[in-house]
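Report on the following structure.
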Amino acid sequence: MELKTLQFTVTNTTSGHKIGTLQIARPEALNALNKNVLQDLKLLLHDLETKRELRALVITGSGEKAFVAGADIKEMEGMSPALAREMAHSGQALFQRIEDLPFPVVAAINGFALGGGLELALACDFMFASTTAKWGLPEVTLGLIPGYGGTQRLARLLGRALAKRIALSGEIFNAQQGYEWGLFAHVCEPAQLMALAMKQAEILADRAPLALSWVKEAINHGGDKTMSEGLKLEAELFARTFETKDRLEGVQSFIAKRRPNFQGH
Ligand code: DAK
């Protein structure tokens, strides 16, 4: 698989699990999401979904200035409404596949995360940010609205009032504001960001993989249901853990006072 706009590497943790690092690699355009990046993301996702060997993934941007400075504005100039609709549907489907990956995905925000860049981060499970992070949904300053799921995910994550404050103003916010609003799980110095995100990924990689995938499913899909439907989904997934070998391994390792070794079945 040849990726022109992404750097993807797999490393083994000290426990022998595989974690991936994905860097959006168009530093000359502050990693803006053009057609090539979206195409490469599609290829990579297909590979990740079919191989299913990763236990966690960290997504970041190349260079020191940006995570992703948005969808590529230069590609939008002559776009027809029909093409824009098609792009929105295919981009949304792509980001949904990121959200639905069966392992945790951490976004490491190393600078600008604007528009489509923030939307990409919102499809991840949570975000670590460096003090240099600058984030927001400036689409309205261009006469656009977010088209890759931003209005929906941000409102679900922070509530409607904050989502409107952010998406209607088009303002650019700093890392501290993101932390105070609960968007960023952690803020650190730029030099520490990748090491901390990788350490977090390593911790996640030691957890029971099926349990992680079902926590994601319960939170991501339960949140769109009524409380009673959400609880039903949780009970169903909880019961499913009792069909797994990892559930036995977890309980037995606790009783034997040793570290569990989860295999993902
Ligand atoms: N697209 C294309 N190129 C970009 C870019 C972007 N979003 N952001 C930066 N670049 C390019 C710049 O044009 C410049 O290229 P050259 O001029 O050197 O060729 C290079 O990256 C370096 O940027 P600057 O020289 O501007 O760097 P500064 O440090 O001075 O400024 C900045 C950094 C982030 C403040 C500035 O670059 C900026 O304002 N960038 C645009 C940020 C922005 O508005 N992002 C949101 C874009 S709207 C859709 C779905 C979703 C969306 C749209 C459509 N459909 C389904 C159709 C989402 C829309 C968005 O994301």
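Note that ligands are numbered from 1 as they come in the structure, with each ligand's atoms numbered from 1 the same way.
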What part of Pro138, side chain, backbone, both or neither, has a heavy atom within less than 4.0 angstrom of ligand 1? side chain
Using a distance threshold of 4.0 Å (strictly less than), state whether atom 31 (O) of ligand 1 has a protein heavy-atom neighbour. no
Looking only at N/O atoms, are Ile73 and ligand 1 under 3.5 Å apart anywhere? yes
Which atoms of ligand 1 are found less than 4.0 Å from any heavy atom of Gly115? 61 (O)
Atom 4 (C) of ligand 1 [closest protein heavy-atom partner, distance rounded to 0.1 Å]: Ala29 O, 3.8 Å
Students should be able to answer this: which protein heavy-atom is nearest to atom 48 (S) of ligand 1, and at what distance? Leu142 CD1, 3.6 Å
Checking a contact table here: which protein heavy atom is nearest atom 23 (O) of ligand 1, and how many Å away? Leu30 CD1, 3.7 Å
Could you tell me whether the side chain of Glu202 and the main chain of Thr13 form a donor-acceptor pair under 3.5 Å? no
Aromatic ring pairing His186/Phe128, orientation class (parallel under 30°, perpendicular over 60°, tilted between): tilted
Looking at atom 12 (C) of ligand 1, what's its closest protein heavy atom, distance included? Lys74 NZ, 4.0 Å
Quick one: pull up CG in Leu94 and CE in Met87 and give me the separation to the nearest 0.5 Å. 10.5 Å
Would you say CZ of Arg240 has more than 12 non-hydrogen atoms from neighbouring residues, nucleotides or ligands within 6.0 angstrom? yes
With a cutoff of 4.0 Å, is Pro146 in contact with ligand 1, counting heavy atoms of the residue only? no
Among all protein heavy atoms in this structure, tell me which lies nearest to atom 54 (C) of ligand 1, with the distance rounded to 0.1 Å. Met76 CE, 3.9 Å
What residue and heavy atom of the protein are closest to atom 20 (C) of ligand 1, and at what distance? Glu28 O, 3.3 Å
Report the nearest protein non-hydrogen atom to atom 42 (C) of ligand 1: residue, atom name, distance rounded to 0.1 Å. Ala69 O, 3.4 Å
Treating Asp72 as the side-chain partner and Leu33 as the backbone partner, does any N or O pair qualify as donor plus acceptor under 3.5 Å? no
Any nitrogen or oxygen of Lys65 lying under 3.5 Å from a nitrogen or oxygen in ligand 1? Just yes or no. yes
Do Tyr179 and Phe184 make the cut of ring centroids closer than 6.0 angstrom? no
Presence of salt bridge, Asp224 and Arg156, under 4.0 angstrom: yes
Hey, does the side chain of Gln23 reach the backbone of Gln7 with a donor-acceptor pair shorter than 3.5 angstrom? no
Give me the nearest non-hydrogen protein atom to atom 52 (C) of ligand 1 as residue plus atom name, then the distance to 0.1 Å. Ala71 CB, 3.7 Å
Evaluate Gly116 for polar contact with ligand 1, using N/O atom pairs at a separation under 3.5 Å. yes
State the atoms of ligand 1, each with its element, that fall below the 4.0 Å cut-off from a heavy-atom position in Met79. 57 (C)
So, Glu75 side chain and Lys35 main chain: donor-acceptor pair closer than 3.5 Å or not? yes
Given the protein's heavy atoms, is any one of them under 4.0 Å from atom 45 (N) of ligand 1? yes
Give a yes or no on whether the ring-centroid distance for Phe173 and Trp181 is below 6.0 angstrom. yes
Going by the order shown, which atoms of ligand 1 are within less than 4.0 Å of some heavy atom of Ala88? 56 (C)
